[in-house]
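Some notes on the structure that comes next.
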Amino acid sequence: MRLGVEGPVAADTEALADAVAAELEHRAVPVARARGREFLRARSLRLERGPADPETYADGWYDLAALRREVLDPLGPGGSLRWLPGLRDPETDRPLRRPPVDAAAGTVGVVDAPFLARWEVADAFDLLVHLDVSPAAQVRRVPDDEQPRVLPAWQQYLEWYDPAASAAFVVRYDRPSHPALITGG
């Protein structure tokens, strides 16, 4: 099972994915937790057109091909169960150099990142949780310095990919303390 959590507010997707992983572990389910921020492309590539470019953010910040190759495919049907927890330290921009991890049979892969309904990875998830955050809440919750790139990129993503239509669960997430299930379950 490969579960993805996506939304426009990185802190929300990571926190929810961490909570899901913790609950699964509490129930003695083996978990492979991968964080989208550890699958960022090199800073020189991400910032080539400046830190506020929404097009580069949507298409070039996250290495979705590597996420698929190193995490999703190995944990999927017929996969090797040998996965890589991360590629790049988001703070230092250096490779993490973590060794691959052998997952037990029945391991649930839990991944958080934006843009998980994109063609590069959409079919590699067995379950997608889409966090539906209203535009007003996005303005309140996305850090000010990230808004010029994140808000237009997320709006374009919603228009082009309609992730809510393919998600198993759509959760209204304007206030993380009061999530509301819209569809799924």
Side-chain angles (χ1 to χ4, degrees), residues 2-25 30-75 82-103 107-118 120-121 124-125 128-131 133 137-157 163 173 175-177 179:
R2 296 155 304 168
L3 180 145
V5 180
E6 69 156 17
V9 183
D12 292 347
T13 60
E14 188 166 336
L16 184 58
D18 284 345
V20 168
E23 181 61 26
L24 289 170
E25 288 172 340
V31 173
R33 178 69 176 94
R35 291 172 170 73
R37 64 185 168 92
E38 292 182 347
F39 283 87
L40 290 171
R41 295 187 194 278
R43 190 174 287 135
S44 61
L45 297 173
R46 293 191 323 261
L47 302 179
E48 189 172 30
R49 294 173 57 188
D53 184 58
E55 196 171 308
T56 302
Y57 178 68
D59 294 331
W61 273 53
Y62 293 88
D63 193 342
L64 296 178
L67 180 64
R68 182 177 191 130
R69 179 183 67 245
E70 304 295 347
V71 179
L72 299 172
D73 287 347
L75 295 174
R82 190 166 178 80
W83 67 287
L84 192 64
L87 290 179
R88 183 172 300 282
D89 183 314
E91 303 303 319
T92 65
D93 198 44
R94 295 188 185 277
L96 288 169
R97 302 193 193 285
R98 290 182 183 148
V101 177
D102 290 318
T107 293
V108 175
V110 179
V111 176
D112 73 276
F115 314 126
L116 296 180
R118 287 179 56 114
E120 296 96 325
V121 292
F125 286 101
L128 181 63
V129 178
H130 172 75
L131 301 184
V133 181
Q138 289 177 40
V139 169
R140 284 193 313 271
R141 308 207 60 253
V142 172
D144 291 342
D145 62 328
E146 296 178 16
Q147 287 186 15
R149 75 172 170 268
V150 172
L151 300 183
W154 188 253
Q155 184 58 42
Q156 182 181 55
Y157 168 70
Y173 223 72
R175 293 188 315 160
S177 60

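Note that the coordinates shown come from a computational prediction; the quantities given were computed from them, not determined experimentally. Computation of the quantities below employed the complete heavy-atom set of this structure, encompassing side-chain atoms and omitting hydrogens, waters and symmetry-equivalent molecules.
- Contact check for P114 versus T13: no side-chain heavy atoms found under the 4.5 Å cut-off.
- For the atom pair R33 CZ and L3 CG, the distance stands at 9.5 Å (nearest 0.5 Å).
- Although no hydrogens or angles enter the test, the distance criterion places a donor-acceptor pair under 3.5 Å between the side chain of R118 and the main chain of A58.
- Among all heavy-atom pairs drawn from P54 and A153, the shortest one is O-CB, 3.4 Å.
- Closest heavy-atom contact between A17 and V110: O-CG1, 3.6 Å.
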For this session: Apply side chain to side chain contact (heavy atoms under 4.5 Å, CB included) to the pair V111 and F39, showing each step before the final yes or no.
Result: CA-CA 11 Å; V111 176; F39 283 87; over 6 Å; no
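- Judged purely by atom type and a 3.5 angstrom limit, R46 uses its side chain to pair as donor or acceptor with the backbone of R41.
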Problem set entry | Audit row: R37, D112, salt bridge (Lys or Arg N to Asp or Glu O under 4.0 Å) steps and yes/no | CA-CA 8 Å; R37 64 185 168 92; D112 73 276; over 6 Å; no
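- Proximity of a side-chain donor or acceptor of R35 to a complementary backbone N or O of G86 within less than 3.5 Å is not detected.
- Salt-bridge formation is not detected for the pair R68/E120: no Lys NZ or Arg NE/NH1/NH2 atom is positioned less than 4.0 Å from an Asp or Glu carboxylate oxygen.
- In this structure, E38 and P90 have side chains that are in contact, with non-hydrogen atoms separated by less than 4.5 Å.
- At a threshold of 4.5 Å between non-hydrogen side-chain atoms, the residues L16 and Y173 count as touching.
- Across all their heavy atoms, R141 and P176 have their closest contact at NH2-CG, 3.2 Å.
- Here Y57 pairs with W61, F115 under the ring pair (Phe, Tyr, Trp, His ring centres under 6.0 Å) rule; sequence neighbours left out.
- A salt bridge does not link R98 to D89: none of the charged nitrogens lies less than 4.0 Å from a carboxylate oxygen.
- At least one side-chain heavy atom of F125 sits less than 4.5 Å from a side-chain heavy atom of L116.
- Separation of atoms CG (L40) and CG (D63) is listed at 9.5 Å; rounding is to 0.5 Å.
- In this structure the side chain of L128 reaches within 4.5 angstrom of the side chain of E6, judged on heavy atoms.
- When all heavy atoms of A117 and Y157 are compared, the pair lying nearest together is N-OH, 2.9 Å.
- Atom CD of E48 has 12 or fewer heavy atoms from other residues, nucleotides or ligands within 6.0 Å.
- Shown here are the salt bridge (charged side-chain N to carboxylate O under 4.0 Å, His left out) partners of E55, two or more places apart in sequence or in another chain: R49.
- Judged purely by atom type and a 3.5 angstrom limit, R82 has no side-chain atom pairing as donor or acceptor with the backbone of P74.
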